Amino acid sequence: MTKILFSDKLDNCVERWKSAGLTVIGPVQRSNISTYAAIEHAAELDFSLVLPDRSIKDLFFPQSEPMLRYTIKKESIDTDECLPPSGPRIIFGARPCDASGMAIDDPLFGWDYKDEYWFQRRNETVIVTIACTKADDFCMCTSLKMAPDSTKGSDILLRPLAGNKGWQVEELTDRGREAFKTIADILQESSDPAAPLAVVEKKFDLDACVTWLQNPENFESRFWKEISMRCIGCASCTYLCPTCHCFDIQDEGDTYTGIRRKNWDSCSFALFTMHTSGHNPRSTQSARWRQRIMHKFNYFPGKFSVNSCSGCGRCSRQCPVDMGITETLQEISKLSL
Amino acid sequence: MSIEEQYRTRAKELLSGGAVKMVIGYGKGSNAKRRRPIFISSADEVERLVLDDACITNLSGYLVSEGLLSDEKRVAVFLRPEGIRAINILAAESQLDAEQIVIFGFDVAGNEVTALKGINVEEFSDIIDSIKEGAPEAAEEELFEKIEKMSPQERFSFWQKEFAKCIKCYACRQACPMCYCRRCIVDSNQPQWVNTSSHTLGNFEWNIVRAFHLSGRCVECGNCDRACPVNIPLRLINHRMAEEVLGAFDHFAGTSKTQEPVLASFKKDDSETFIL
Ligand code: SF4
Ligand code: SF4
Ligand code: SF4
Ligand code: SF4
């Protein structure tokens, strides 16, 4: 017997959570795009998506965020700090790759100082993940040593029952247990079997790739130029990625008053490393693409002992020129044979 | 012989004889439905070239990659009519020398691919003229008609909702052959003309600046629309602006390599007393 949340009871749960003061967020299709957004009723949720186009990163690290307002006076500068809007939230129906993406970024945002924008939202959010029963050509969690039912980063893991009847509930953290206490009487004990998980083929040998990347001789390899020739240098892959976390700080306003914002930035852009002198240490797209791969699979794990990729496949799914991390690692995997 | 085979043979001849240094075409993609840009520099590799109805990306933008044409050698490229028009604009705007471009022209109707005769851009002028003639009558998509019928307020809220999705990834710009500026105005920060933030105002500014800058230059190849990861229907803006320019100035972008850019030319007898 396992604890089961039946689908027809989900709307009751949404009501309960809302009355307990939680904002309920989940996968939806709106304005011709799929994303995670706040909902009022369970019927708005779309569980048929393999994975929403946008990742849950947006809910913790939005594309543009005010940090402070300033006014420059004759003899002083007034500043007014902006903190993220607070309030408890529950994300119902994250995917394992998205949830693990947030856990991958925790050490980064808590390393030299604790990023309060990130952690306030992390601490106030319960992530309820639904294991995947279907995958598409671009899903690659298994290549990253994860699985369609990975628990990393999740507070609750739900396993879909056969026939979309509901989900088996696995409580993973205290935060998850706390949120599910409010719906304890709605859950039922049952022996309904879980539906089979998605089969996600392994696309490359991660360890072999990492070894190749760590070899300094390969830094100047011709490979980088060949693989990235068609890259047009947009930030589609960066901005859809659940783990990409680079940002820029910009002051907006006039000379005397304005607002300081934290905006997403991408290593794909030439401007990312452009010096004031005009010199650019990463002057070619191949150097920028190399940085993207090196950062995710060499520098980041070197510092935080985890790869900066959860295998969601968005970078390859959405690339306008059909590139992406997958192809590059597949090719590196071949090179290192 | 299929067009794909004909073009592979032509690519092989050109590469082995040294007539071109590179062929930019399409190759297999990461799944059966996808094609990706490929760059062939050796005659042995021409078998990688694919030509079918999935070859839709306009490849002309790669021609202005830094340094590609600076050795004055010729480069061949697979282009549909929109791509050929883009070559004319790039030549008219002094971004490339059309003599250096060898065109492998093709068009796709339904799932049928046809070859377009010619090699140099001038040879396609009849085809381009016939597209221009057909342009005002061409059937427009339903959504376009719907927006045309909206009141200005309704139209504004339609676009507000669409632009709210923008994440300023600049995939639209990077995918566009006409967006060749080495430093886009939005990347300029001394002074900062346009907000870099992706909030409502910033997204509006970006999309409006781009729409204006592409007016009379856009060839409606659809690269930007397909590249946009959040599915903003950019094609509708491009189409509206193209119609406007055609109606007001009888200007159809990319008819010849000496065509005057519509927003960068001035006539003394212009009936307007004001220029934007
Ligand atoms: S890999 Fe694709 S999505 Fe990423 S920067 Fe290059 S063109 Fe854009
Ligand atoms: S690098 Fe690509 S596959 Fe990995 S997490 Fe980012 S978007 Fe997903
Ligand atoms: S604006 Fe879009 S449709 Fe027009 S030329 Fe550029 S990429 Fe093509
Ligand atoms: S491609 Fe779409 S999301 Fe990206 S900047 Fe252009 S309009 Fe915005």
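Chain letters run A, B, ... following the sequence lines, proteins first, then strands; residues in each count from 1. Keep in mind that this is a model prediction, so the values were computed, not measured. We use all heavy atoms of the structure for the numbers below, so side chains are in, but hydrogens, waters and symmetry mates are not.
- In this structure, no portion of R182(B) lies under 4.5 Å from any heavy atom of chain A.
- With a 4.5 angstrom heavy-atom cutoff, S266(A) does not touch chain B via any of its atoms.
- Annotation: maximal heavy-atom pairing with chain A below 4.5 Å, among A164(B), P229(B), A227(B), occurs at P229(B).
- Of the residues considered (D265(A), D137(A), D322(A)), D322(A) shows the highest number of contacts with chain B, using heavy-atom pairs under 4.5 Å.
- Inspection of the D98(A) and S55(A) side chains reveals no N or O donor paired with an N or O acceptor under 3.5 Å.
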Would E140(B) and R240(B) count as a salt bridge (Lys or Arg N to Asp or Glu O under 4.0 Å) here? Give the steps.
CA-CA 10 Å; E140(B) 265 140 9; R240(B) 187 67 172 83; over 6 Å; no
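- Taking the ring axis of W289(A) as reference, the NZ or CZ atom of K225(A) does not stay both within 45° of it and closer than 6.0 Å to the ring centre.
- Top candidate by heavy-atom pairs under 4.5 Å with chain A, chosen from K168(B), E162(B), Q174(B), is Q174(B).
- At a 4.5 Å heavy-atom cutoff, S34(A) makes no contact with chain B through either its backbone or its side chain.
- Inspection of the S197(B) and N263(A) side chains reveals an N or O donor paired with an N or O acceptor under 3.5 Å.
- In this structure, chain B has a heavy atom under 4.5 Å from the side chain of R261(A), while its backbone stays farther away.
- Relative ring orientation between H245(A) and F109(A) is described as perpendicular, the plane-to-plane angle rising above 60° on a 0-90° scale split at 30° and 60°.
- Side-chain contact of N280(A) with T273(A): a donor-acceptor pair under 3.5 Å is present, judged by distance alone.
- Contacts between E66(B) and chain A at a heavy-atom distance below 4.5 Å are absent for every atom of the residue.
- For the set R54(A), Q285(A), Q330(A), the count of heavy-atom pairs under 4.5 angstrom toward chain B peaks at R54(A).
- Within the 3.5 Å criterion, the main-chain N or O of R183(B) finds no donor-acceptor partner in the side chain of D187(B).
- Interface remark: of the candidates E65(A), Q250(A), Q318(A), Q250(A) forms the most heavy-atom pairs closer than 4.5 Å to chain B.
- With a 4.5 angstrom heavy-atom cutoff, Y62(B) touches chain A only via side-chain atoms.
- Looking at C166(B), only its backbone comes within 4.5 Å of chain A, counting heavy atoms on both sides.
- Between Y170(B) and F269(A), the ring-plane angle classifies as tilted under the 30° and 60° cut-offs.
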